[in-house]
Amino acid sequence: MATNNFVKLLPPKSPVLKRTLILLSICLIGCLSAKAQTSELFSYNKQAAENELSSLTQLEKLVKSTNENYNELAARNGFASLNLKPDNVKNTSEFSFDFESIHWGSFAWGFCCFPIGCVLMVFDPDKSEEQLRSFILGVGVSTACNTFSYYAYFLALGY
Amino acid sequence: MRYSLFTLLVLFISSSFSSEPNTRIRVDFTIKQKIENRISLEIGTAYYDKLKNQLVYQLTFPNRNILVTTDTAVFTYSDDSLINTSFQPGIIQRSIFHLMLTSNLKSFGLGKGLFKTIKVEKQDSLVVTTYKSDNNKVFDGTILVSNHKNKLHAVVYKDASGNVVSKQFYEKYTTVDGLEIPTRIVFIVFENGKEYYKTIEFSNIVLNEEHNNHMYHYPAGH
C-alpha cells in the first residue's frame, strides 16, 4: 500500500507537490554539500604532502645513515647525489623571532614550542568585528536551513 | 580476608604508581618543511622537564647545536658556548610537550585562559569544538579543534572572515606508559592560493627519564 502511494508520487502531477519535491531536493543537496565541506575541513591530501616533501625524506634518510651535518654533507658534495643544491637547503638552526620567522621559520613556524601562538601571529589583527559577525550569522542561517531541511525530509518520509 | 587485604594493597600501590604525574619527556624529532624551492630539515632530540620549565633541543642537523628555550628567551649553544640569544615572551606553557604531560593536548590547551568555547558539535565521528579569543586584538578568528576517539585529530584556524588559513593534523598515535602521543604532526598553511606543508615526526619517546639530567637541566644563559 505504502509502495503504491510512493509510486503514485513519482510523476508529480500537482504543481504544489512538484515544488515541494524540488525544495526537498535542494535542501538535501545543501545538507550533503555541508557534510562534504565538514569532512573536507578536517582532512588533507596526504599524497600531495608526501610528494611535496619527498626530497626531504630522501635527505633525512641520507643524514640519518651518515650522521653528517650540513657542512660535512656539503663538503663532500653529498647534496648532489639527491639532486639538491646546498643553497636551497637551510643551513642554520638559530631561533629568530621577527614576524617573518614566526610565520615561516622552520623551527619557529608552529613548532612544538607554540603551536598556537605563532599561528596567531599569522593573522591580521585589524579585521573588523563586522566580518566576524557576518560569519557567525552565516553559520546560524546555515544551521537553521539544515534543521529545516532535515525536518522536511523526515516529514516527507512519514516519520 | 588476608588475601583480600593483600589484593587491595596491591591495587592501591599500582594505582598510586599509575597516577604519578609525568614530569619529563624525551623524543627524537624530525622536522621537514618546504617553501617554494627552499627546503629545511631539522633532526635532533628534545628534552622537556615540566618542573624545570625549560625545553632543550639537541640538534644534529643542520648543525650540532643546542637550543634552550625558557619562558623569556632562547639560547643557542655550539660546542657548549653560547652563540645566540633571542628574547621572546613565554611560550613553554603552549608547547606540545607541556600539553602532553599535563593531559591538555585533547583541547589543544584552549579550554581556559585567553580562549573560550563557543560551540561543541558532533560531526560524523568527530567532536568539533570551536574556540574564540576573549581579546580580538590577540586573535579575531576562530579555532576549530576536532577530536576523534577522544584524541586530538586536527586543528583548523579560520580568520575573521571564515577563511581557513592553517590546519594541523595529529596522527599515528602511540601509547607510552599510558599516555597517548601523536608521532606525526602535519601543518598546512594556505597563502596566496598555495598550500605549504610541514611535518614533525617523533620517535624513541621516553617518559620520566631519570638519566640525562644535564640535558633536562641545561644551564641556560651561561
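Letters A, B, ... are given to chains in the order of the sequence lines, protein chains preceding strands, and every chain is numbered from 1. Note: hydrogens, waters and symmetry copies are ignored here, and every other heavy atom, side chains too, is used.
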Do you know which of A/A48, A/A49, A/S55 has the most heavy-atom pairs under 4.5 Å to chain B? A/A49
I need the residue from B/T85, B/N37, B/V164, B/V155 with the largest number of non-hydrogen atom pairs under 4.5 Å to chain A. B/N37
Working to the nearest 0.5 angstrom, can you tell me the gap between B/S40 OG and A/N88 CG? 12.0 Å
How about B/F61 and A/L73: do any of their side-chain heavy atoms sit closer than 4.5 Å? yes
Which atom pair, heavy atoms only, marks the closest approach of A/L53 to B/Y197? CD2-O, 4.1 Å
Measure B/E121 against the heavy atoms of chain A and call it side chain, backbone, both or neither at under 4.5 Å. neither
Under a 4.5 Å heavy-atom cutoff, which of A/N67, A/T57, A/N71 has the most pairs with chain B? A/T57
Hey, is NZ on B/K151 packed in by over 12 heavy atoms from elsewhere, all under 6.0 Å? yes
For A/D87 against B/R38, the heavy-atom pair lying closest together: O-NH1, 2.6 Å
Quick one: pull up CD1 in B/I31 and CG in A/L56 and give me the separation to the nearest 0.5 Å. 11.5 Å
Cationic N near anionic O, under 4.0 Å, A/E50 to B/R184: yes
Under a plain distance cut-off of 3.5 Å, with no hydrogens placed, do B/T30 and A/K64 share a side-chain donor-acceptor pair? yes
Under 4.5 Å between any side-chain heavy atoms of A/L41 and B/L144, yes or no? yes
Is B/H153 close to chain A through its backbone or its side chain, or both, or neither, when contacts mean heavy atoms under 4.5 Å? side chain
Just wondering, are more than 12 heavy atoms of other shown residues or ligands nearer than 6.0 Å to NZ in B/K149? no
Is the closest basic N to carboxylate O distance between A/E68 and B/R64 below 4.0 Å? no
Kindly indicate whether the side chain of B/I43, heavy atoms from C-beta on, has any atom under 4.5 Å from the side chain of A/V63. yes
Select, from B/K34, B/E36, B/H98, B/E195, the one with the greatest count of heavy-atom pairs under 4.5 Å involving chain A. B/K34
Counting C-beta onward and ignoring hydrogens, is there a side-chain heavy-atom pair between B/E201 and A/E60 closer than 4.5 Å? yes
Just so I know, are the side chains of B/Q123 and A/F42 near enough to count as touching, which here means a heavy-atom distance under 4.5 Å? yes
Minimum side-chain heavy-atom gap B/I39-A/L84 below 4.5 Å: yes
Check: A/E52 and B/Q33 side chains under 4.5 Å, non-hydrogen atoms: no
So, do B/E42 and A/K90 sit near enough that their side-chain heavy atoms are less than 4.5 Å apart? yes
Using non-hydrogen atoms and a 4.5 Å limit, figure out which bit of B/K167 sits close to chain A: side chain, backbone, both or neither. side chain
What part of A/K85 gets closer than 4.5 Å to chain B, counting heavy atoms only: side chain, backbone, both or neither? neither
